[in-house]
Structure formats: C-alpha cells, structure tokens
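See below for the structure under consideration.
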2 protein chains.
Amino acid sequence: MNDSSKYEEPARLLKALAHPTRLCIVAGLLNDSCNVNKMKECLNLPQSTVSQQLAILRNQGIVDGVRHGTEVFYKVANEKVKDIVKVLLDDEEIVFK
Amino acid sequence: MNDSSKYEEPARLLKALAHPTRLCIVAGLLNDSCNVNKMKECLNLPQSTVSQQLAILRNQGIVDGVRHGTEVFYKVANEKVKDIVKVLLDDEEIVFK
DNA sequence: TTTTAAAAATACTATATTATAATATTATGT
DNA sequence: ACATAATATTATAATATAGTATTTTTAAAA
C-alpha cells in the first residue's frame, strides 16, 4: 500500500532543504558551526532573509543554534540530512569564510 | 566563496522530490518500473494529477518513461536520487501493487 | 476509419513560497 | 536606564506551486 501520508514528513524535510540559500547554509554548516552575521556576509543577503531561512531549517529540526552573548551559532542537527547533502553535493568541502 | 548559484541545480532536484506524491512515486519505482494507470490506482489520484507530477520528475531527469503500446512505463533515471531517497526513507522496501 | 484506452497538455482557481523592509527582541556594555 | 549589536519576527507584494476538470495526443483494436 503506497499510502502517501507516510511521505508527508520526509517530503517536508526535503522541501526545507530545497532552496539554494538554505542548501548553501546547510552545506556551509556541515563541518563547522557559524553565526548569522558571518553567514549573511558570505551569502550577501539581508539579515532578515538569512534569519527567515534559518527559521525554516530550525522548524524542521535541520539546524539548531546556541546563543553566545548576542550571537547565535548554528549547526546541522540531523544526521540524515548531513548524509543527503553530502550525496547531493558530491561530498565537496564547503566552509563559510 | 559560498556562491549560491552553485546550489541552484541541486536545490531544483530536491524541490522536484519534495512532495508527498512525487516522493511516493519515486520510492515505488526504486525497484520496479510501473505504468501510469497502476500508479494512479495505488495513489488514488486522478490521472491528470499523476501525469503532472511525473512531468515534474521527468523535467529534472529523475524518472523517464518508455512507451509500450498505449502504456508508458516509468523508472528512476538518476542514481543520486535513488541514494537520497533510500537514506531519507531508511531503505525500506516499497512497491506499487 | 471509427472507437476506445492510456497518457500528456492546457487552463484556471486556490494556496503557498519568496524576498525584504520595518519592527521587535535579546543580551551586553556604559 | 540607555545605547548598541545581533538576531528574530511581522507584514506584504510578487511569484510559484498544487489540484483537477477538460481537451488533446498517441497507439491499438474493432
């Protein structure tokens, strides 16, 4: 039986990843954590845009952030997502710098 | 440099997968090919809906179909996608029947 | 060549996503 | 308490996607 309700959760997960900015964020966090300001510089996007994309990733448990003073450092919080992104991007080294 | 144009193609691929029906179709085609009518029965969706979702998957090279008479048999045409879907769905056996 | 079956394409409404400016929150330093 | 820096939230206009009835195409059978 191919009850499609079974696919709703995994589809939601993929959907959260399926955007160039969000994919770039996750790829950049695969190896090192990073704060929002640095991301926004690297991505050349307004802070609000980056925060919104981070919220979408957070809502799916793909990333999570820890606050250090005024900054929040994000990391990838889902191992399955790490594997998927590595397969998708051919395991290349990606870093925010 | 985290130039996000680099992520546009892979994001498009994920986006095509990121829908319960399309994910279900791809999962169902992982091991065996299938024609549209059988899919539509299994999925309990109108033929036009299934064909539209197949068109989206075809446009990203995720599936392709071969015609046998009036029927078109679809299969997964992208190895990376197979790997991603297996990781995502924990490698479970899925078949249209 | 007309009919029938299967699949694809079209048209169109409803809904969702995207991007970003503006505003609010949270934490720190003065 | 006030100013400032970093991040989050809200509001909203533009654009994209979803679902499906209807129409068209493709191929086979009568």
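Chain identifiers are assigned alphabetically (A, B, ...) following the order of the sequence lines, protein sequences preceding nucleic acid strands; residue numbering begins at 1 within each chain. Only a predicted model underlies this, so the values are computations on that prediction, with no experimental measurement involved.
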All heavy atoms of A:Gln60 vs all of A:Leu13, minimum pair found to be O-CD1, 3.8 Å

5'-most by nearest nucleotide on DNA chain D - A:Leu54 or A:Lys15 | A:Leu54

Return the 5'-most residue of the pair A:Ser51, B:Gly69 with respect to DNA chain D, ranking by each residue's nearest nucleotide.
-> A:Ser51

Tell me whether the OP1 or OP2 atom of [N] has a side-chain N or O from [X] closer than 4.0 Å.
| X | N | answer |
| --- | --- | --- |
| A:His19 | C:dA19 | yes |
| B:Asn35 | C:dA6 | no |
| B:Ser48 | D:dA21 | no |
| A:Gln53 | C:dA19 | yes |
| B:Asn37 | C:dA5 | no |
| A:Tyr74 | D:dA8 | yes |

What integer distance in Å separates [X]:[atom1] from [N]:[atom2]?
| X | N | atom1 | atom2 | value |
| --- | --- | --- | --- | --- |
| B:Arg12 | D:dT17 | CZ | C1' | 15 Å |
| A:Ile56 | D:dT10 | CD1 | C1' | 14 Å |
| B:Leu57 | C:dA8 | CG | P | 12 Å |
| B:Tyr7 | C:dT18 | OH | P | 18 Å |
| B:Lys40 | D:dA21 | NZ | P | 12 Å |
| A:Met39 | D:dT7 | CE | C1' | 11 Å |
| A:Phe73 | C:dA27 | CZ | P | 15 Å |
| A:Leu45 | D:dA8 | CG | P | 15 Å |

Touch check for A:Lys38, heavy atoms < 4.0 angstrom, all strands: base, sugar-phosphate only, or nothing?
-> nothing

Would you mind classifying the nucleic acid contact of A:Gln47 as base, sugar-phosphate or nothing, using non-hydrogen atoms under 4.0 angstrom?
-> base

Quick one: does A:Leu23's side chain get under 4.5 Å of B:Leu14's, heavy atoms only?
-> yes

Are the side chains of B:Ile25 and B:Gln53 in touch, meaning some heavy atoms are under 4.5 Å apart?
-> yes

Verify the distance criterion only: is there a donor paired with an acceptor across the side chains of B:Tyr7 and A:Arg22 at less than 3.5 Å?
-> no

Would you kindly compare A:Arg67 and A:Ala18 by the position of their nearest DNA chain C nucleotide and give the one closer to the 5′ end?
-> A:Ala18

Calculate, to the nearest 0.5 Å, the distance between atoms SG and CE belonging to B:Cys24 and B:Met39 respectively.
-> 10.0 Å

Out of C:dA9, C:dT18, C:dA7, which nucleotide sits closest to the side chain of B:Arg58?
-> C:dA9

With respect to the side chain of A:Gln52, which nucleotide from C:dT20, C:dT18, D:dT9 is positioned closest?
-> C:dT20

Between B:Arg12 and B:Glu9, is there a salt bridge with N-O shorter than 4.0 Å?
-> yes

